[in-house]
2 protein chains.
Amino acid sequence: MSDRLLYLPLGGAGEIGMNCYVYGYGPAGRERYIVVDLGVTFPSMDGSPGVDLIFADVSWLEERKERIDAIFITHAHEDHVGAVGHLWPRLGAPIYARTFTAHLARLKFEEHGHDELMIKTVSAWPQQVECGPFKVGFLPVSHSIPESSALVIDSPAGRVIHTGDFKIDETPVVGEAFDRALWESVCKDGVKALVCDSTNVFTDTPGRSESEVVEPLTELMKDLKGMVAATTFASNIARVKSLAEAGTKAGRSVVLLGRAMRKMITAGIETGIISDFPKTISPEQAGDVPRENLLLLTTGSQGEYRAATAQLSRGKYLGLKMAEGDTVIFSSKTIPGNEMPVARILNNFSEMGVNCITGRNDIHVSGHANRPDLTTMHEVVKPQIVIPMHGEHRHLREHAALAETNGFKGVVAPNGVGIDLTGDTPKVTEYVETGRTYLDGKVQIGAMDGVVRDRIRMAQYGLVVATVIVEDDEPLGDCWCEVRGLPEIGLSRAPLVDVLEADINQFLNRAGKKTMRDDGKLEEDMRRILRKTTNDETGKKPEIQIVISRLSA
Amino acid sequence: MSDRLLYLPLGGAGEIGMNCYVYGYGPAGRERYIVVDLGVTFPSMDGSPGVDLIFADVSWLEERKERIDAIFITHAHEDHVGAVGHLWPRLGAPIYARTFTAHLARLKFEEHGHDELMIKTVSAWPQQVECGPFKVGFLPVSHSIPESSALVIDSPAGRVIHTGDFKIDETPVVGEAFDRALWESVCKDGVKALVCDSTNVFTDTPGRSESEVVEPLTELMKDLKGMVAATTFASNIARVKSLAEAGTKAGRSVVLLGRAMRKMITAGIETGIISDFPKTISPEQAGDVPRENLLLLTTGSQGEYRAATAQLSRGKYLGLKMAEGDTVIFSSKTIPGNEMPVARILNNFSEMGVNCITGRNDIHVSGHANRPDLTTMHEVVKPQIVIPMHGEHRHLREHAALAETNGFKGVVAPNGVGIDLTGDTPKVTEYVETGRTYLDGKVQIGAMDGVVRDRIRMAQYGLVVATVIVEDDEPLGDCWCEVRGLPEIGLSRAPLVDVLEADINQFLNRAGKKTMRDDGKLEEDMRRILRKTTNDETGKKPEIQIVISRLSA
């Protein structure tokens with residue numbers, strides 16, 4: 001059987017989040033694999049209440065564990081690296097990343113007690129990692145976190161460029177600029193496929209450089225009175241640095257608030273990414289500084305409930321408290337889905353008389369390539385085909401259409417669709433079952449296991465628990481009911497529990513021995529009656545938990 | 001005691017939704033009241049899972065029921081009229097509205113079996129309704145639904161203008177244009193307070209007229225191939241008509257899909273609001289029309305799961321099915337909080353190969369006054385004070401600041417804050433306990449009753465039910481456990497239920513008679529053990545339901 005080059009996304013091609021892509025090379029079914037990124041996505045009360053984190057389901061990979069030669073992490077955003085601690089034991093291969101990313105991955109391994117030696121630090125291109133049939137190099141690219149890299153994936157079937165997340169920024173404030181000449185030289189001998197970030201394909205304007213926010217932030221900071229807090233993604237070290245410098249120029253002492261904020265800046269300093277970060281003071285020291293001379297740099301720009309910004313909006317955080325006339329700057333854009341928690345914070349601050357600066361385009365730029373920049377990327381790489389990734393289905397489809405407009409073949413490959421890239425035409429060859437794994441407390445469960453479905457049902461419909469003791473095939477005493485998440489008083493104005501107990505005991509007292517003897521039948525009948533009575537009384541059809549306790553005579 | 005004029009918002013001043021405002025006149029504590037609007041807001045899985053609708057808590061009004069002289073409804077949007085059927089029995093006063101609004105309110109009364117004669121149709125200004133110390137007139141204003149009206153509220157203490165929802169539109173396609181001369185004449189003798197819509201206070205550009213979308217929609221419709229669906233708010237009859245006309249001009253037969261779409265157009269025709277709506281065909285008739293000659297006008301522009309648009313995105317709706325190359329037009333803007341359900345629909349259509357047109361500014365205009373239009377309103381009315389309403393706290397605060405900038409006194413009065421408008425300076429005189437009432441199935445419950453809190457807890461933490469039978473202060477047989485919404489297998493790799501039962505039975509077998517005799521103590525101990533074991537096994541602290549069944553010997 002001839003060898004083939006396979007591309008198979010398990011996560012990230014159908015959502016923005018939980019990135020996990022597989023490349024394979026070898027005879028069909030016996031390929032050697034490399035994995036690109038092991039990211040998380042975040043749960044919501046809507047679809048995954050109580051869940052802590054969401055990963056791509058890697059069962060398919062786990063079953064082929066012995067054929068995985070390496071895991072590569074493109075950059076240190078949680079949707080790319082967040083699952084390494086949780087999923088690595090199931091995959092077992094060495095992890096390769098550049099210094100900053102490897103540093104943060106090691107912190108995760110430390111938390112989980114995994115062997116940190118399994119994380120290998122790799123230099124930027126032209127270094128290449130040899131792993132099975134592949135040679136992989138890290139090609140620097142600009143994004144909103146340091147040391148983001150595209151991967152140059154060489155196999156006997158040709159070169160693939162996997163962009164990771166990127167923007168085209170020639171003045172990124174911190175870290176490496178987009179080096180067009182280097183990219184062109186890497187791509188000049190022909191690229192089989194460009195696997196490409198699609199996040200901003202619907203944004204028609206050209207992307208803006210990180211350096212463009214420096215001046216407006218400095219101007220803004222000069223004019224503000226009172227205490228100032230500013231929030232952005234902690235991992236956007238360039239932005240945090242610009243904010244800190246703007247504050248310092250305005251005569252403010254800088255305080256880093258929030259675990260991620262301190263972790264990222266520390267990681268940046270320890271790995272040599274930033275050498276000239278302005279001096280910061282601790283929250284305790286801030287107590288001795290007049291409040292109008294303080295700048296708090298806070299986590300939680302997306303409205304995260306426990307982050308520093310949200311805590312400040314609800315009162316004190318580490319002894320610091322915003323007051324009337326103070327200002328909070330959101331140097332960020334609200335990610336779709338986070339509008340409500342962010343609005344809650346803005347309203348909390350409004351009630352305090354704190355001014356919030358939000359939605360200002362001049363103090364935030366996106367970290368992803370806009371539509372015209374995607375075209376630039378297509379033209380720099382000039383691949384045989386473009387495979388959009390890092391997007392919902394609509395982004396992938398739009399990006400593939402853009403590629404076609406630009407004169408390249410565009411292929412939509414959502415999660416679970418394997419593409420054979422070997423020949424001149426890409427072919428869909430596999431449909432792999434994919435899905436989501438939930439981290440629920442400390443346990444990994446499948447999204448379709450029914451656990452979360454049961455939780456959603458209890459949240460929507462409430463629960464009735466009914467207990468009956470059966471002795472000699474007769475009810476011993478009365479059955480009793482408890483309700484949770486249901487109105488206490490129903491339409492008949494009597495307590496719901498009383499009405500339920502009256503109905504169920506009437507049934508039990510008349511039920512024949514045949515019914516009482518049969519757990520299945522008894523449970524089914526009781527369930528039906530309890531559901532009907534609850535519906536009559538409240539208009540709701542609850543979940544029912546029947547407990548039948550049999551005493552042997 | 002001297003008479004006073006009181007303004008008291010119970011809903012709508014602190015959120016965009018569930019509008020309910022009270023005006024009172026008379027000696028403090030013995031005022032006569034009128035109510036403006038009885039609206040709903042919509043629940044979310046996040047904060048109110050399983051809830052059907054949310055109203056302002058009208059307990060304060062209910063306690064003063066005999067002093068309510070009238071209820072006025074400014075327009076027929078659900079956040080203004082949606083609760084009339086549910087709350088009217090608790091308030092009992094006659095309801096006044098203009099023809100179209102009254103028609104829709106009567107449909108709600110019909111559903112609830114209330115006396116439709118309690119809904120009185122009022123003509124536009126200069127008609128005034130005399131009710132206790134008040135005289136109230138409906139002053140037409142443009143908005144995104146026909147016959148929207150501001151209220152001119154006269155009392156012995158002066159005239160108040162309550163704008164309701166509005167925009168300043170001199171060419172609104174359907175219904176009344178904003179008549180500046182009329183407004184100026186009504187306000188020329190002095191207005192005590194302008195109680196004013198704040199929705200778009202953060203939008204700096206001047207508002208655009210409904211008529212501006214007609215041409216772009218017509219142009220767009222001409223170019224499309226295949227079947228076309230277009231969605232907008234059904235109540236925006238002007239928009240629905242513009243869409244239908246654009247489709248008709250492009251040679252398409254128009255089908256109204258979704259209950260609200262048919263209800264609104266029927267109401268528009270029956271009340272004489274629209275006389276020249278293009279001919280429509282039924283979904284059945286559509287089967288005989290070539291699909292490229294169809295325009296479906298569908299409900300569900302906000303991603304509502306059961307609405308026509310969402311159903312089409314998941315497959316068939318009334319025999320109609322979108323296919324590759326078809327187009328869905330969103331003539332709408334996604335309301336914050338609805339991004340995820342709308343994205344789900346867009347992705348479903350993307351998977352079908354259906355093109356979606358969204359986010360185009362030229363085919364949608366807002367129904368609310370933007371910041372410059374609010375300034376226009378301030379200047380037309382020239383009130384002694386501006387009281388912002390219809391907004392979250394941040395909107396109210398920003399609007400009050402805008403009023404000050406415009407030279408008027410601005411007062412922020414959130415829900416529950418009563419303002420005495422009698423003298424020259426408004427005074428905060430009351431803090432009334434306000435809140436939300438949930439319609440849960442068919443039952444009204446308080447948001448703080450704990451019912452929904454219990455549901456949220458079950459959704460986040462799962463539930464353990466443990467049953468023990470006690471005879472003669474000793475456990476009779478083993479206690480057994482059931483779990484819902486918890487991982488089946490814990491960290492020890494054994495079924496969670498087995499581990500729970502082992503631990504709890506070990507405890508029960510060692511527990512002394514003193515513990516076994518005391519329900520409170522026994523329950524507390526069992527709860528603690530079950531929670532700890534679940535937490536050790538899964539990292540989750542579940543809700544616990546203990547059932548103790550005592551047999552008398």
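Every chain is numbered from 1, with letters handed out A, B, ... down the list of sequences.
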Discussion item. Shorter than 4.5 Å, heavy atoms on both sides: which option in B:V452, B:D46, B:T334, B:D52 has the most such pairs with chain A?
Written reply: B:D46
Item to complete: Starting at CZ of B:R484, measure out to CZ of A:R455 and round the result to the nearest 0.5 Å.
Response: 13.0 Å
Discussion item. Tell me if a side-chain donor or acceptor on A:R394 pairs with a main-chain N or O of B:N347 at a distance below 3.5 Å.
Written reply: no
Item to complete: Taking the side chain as every heavy atom from C-beta outward, state whether A:V547 and B:V547 have any atom pair closer than 4.5 Å.
Response: no
Response to the item:
Whatever's closer than 4.5 Å to a heavy atom in chain A on B:E537 counts as backbone
Fill in: Under 4.5 Å from a heavy atom of chain B, the part of A:N348 involved
neither
Worksheet item: In terms of heavy-atom proximity below 4.5 Å to chain A, should B:R344 be classed as side chain, backbone, both, or neither?
Response: side chain
Discussion item. If I measure from the heavy atoms of chain B, does A:L396 come under 4.5 Å with its side chain, its backbone, both, or neither?
Written reply: neither
Item to complete: Please identify each residue that fulfils ring pair (Phe, Tyr, Trp, His ring centres under 6.0 Å) with A:F202, with sequence neighbours left out.
Response: A:H395
Item to complete: Check each atom of A:I546 against the heavy atoms of chain B and say whether the ones under 4.5 Å are side chain, backbone, both or neither.
Response: backbone
Worksheet item: Do you know which of A:P414, A:G490, A:G50, A:G14 has the most heavy-atom pairs with chain B at a distance under 4.5 angstrom?
Response: A:G50
Worksheet entry | Residue selection (most heavy-atom pairs with chain A, distance under 4.5 Å) from B:E543, B:E488, B:E351, B:K541 | B:E351
Side-chain donor-acceptor pairs of residues 458-470 of chain B under 3.5 Å, sequence neighbours excluded:
none

Worksheet item: Looking at B:D454, B:V483, B:N355, which has the largest count of heavy-atom pairs under 4.5 Å with chain A?
Response: B:N355
Item to complete: For chain B, find its close neighbours in residues 335-343 of chain A: heavy-atom separation under 4.5 Å, sorted by number, or none.
Response: A:P336, A:G337, A:E339, A:M340, A:A343
Worksheet entry | Per-residue contact mode, A:D536 against chain B (heavy atom under 4.5 angstrom) | backbone
Worksheet entry | Residues forming a ring pair (Phe, Tyr, Trp, His ring centres under 6.0 Å) with A:H393, sequence neighbours excluded | none
Discussion item. Which one wins on heavy-atom pair count under 4.5 Å against chain B: A:V412, A:L491, A:N535?
Written reply: A:L491
Worksheet item: In Å and rounded to the nearest 0.5 Å, what is the CE to OG distance from B:M45 to A:S48?
Response: 9.5 Å
Worksheet item: Roughly how far, to the nearest 0.5 Å, is CG of A:D478 from OG of B:S549?
Response: 11.0 Å
Worksheet item: In terms of heavy-atom proximity below 4.5 Å to chain B, should A:D449 be classed as side chain, backbone, both, or neither?
Response: neither
Fill in: Worked verdict on A:T538 versus B:K442 for side chain to side chain contact (heavy atoms under 4.5 Å, CB included)
CA-CA 5 Å; A:T538 67; B:K442 301 177 194 153; over 6 Å; no
Worksheet item: Is B:K540 reaching over with its side chain to a backbone N or O of A:V443, donor-acceptor style, under 3.5 angstrom?
Response: no
Worksheet item: Measuring heavy-atom distances to chain A, does B:E482 have an atom under 4.5 Å in its side chain, in its backbone, in both, or in neither?
Response: side chain
Response to the item:
Max heavy-atom pairs within cutoff under 4.5 Å with chain B, candidates A:R397, A:Q444, A:E392, goes to A:R397
Worksheet entry | Pick from B:D440, B:I445, B:I456 with the largest number of heavy-atom pairs that fall under 4.5 Å of chain A | B:D440
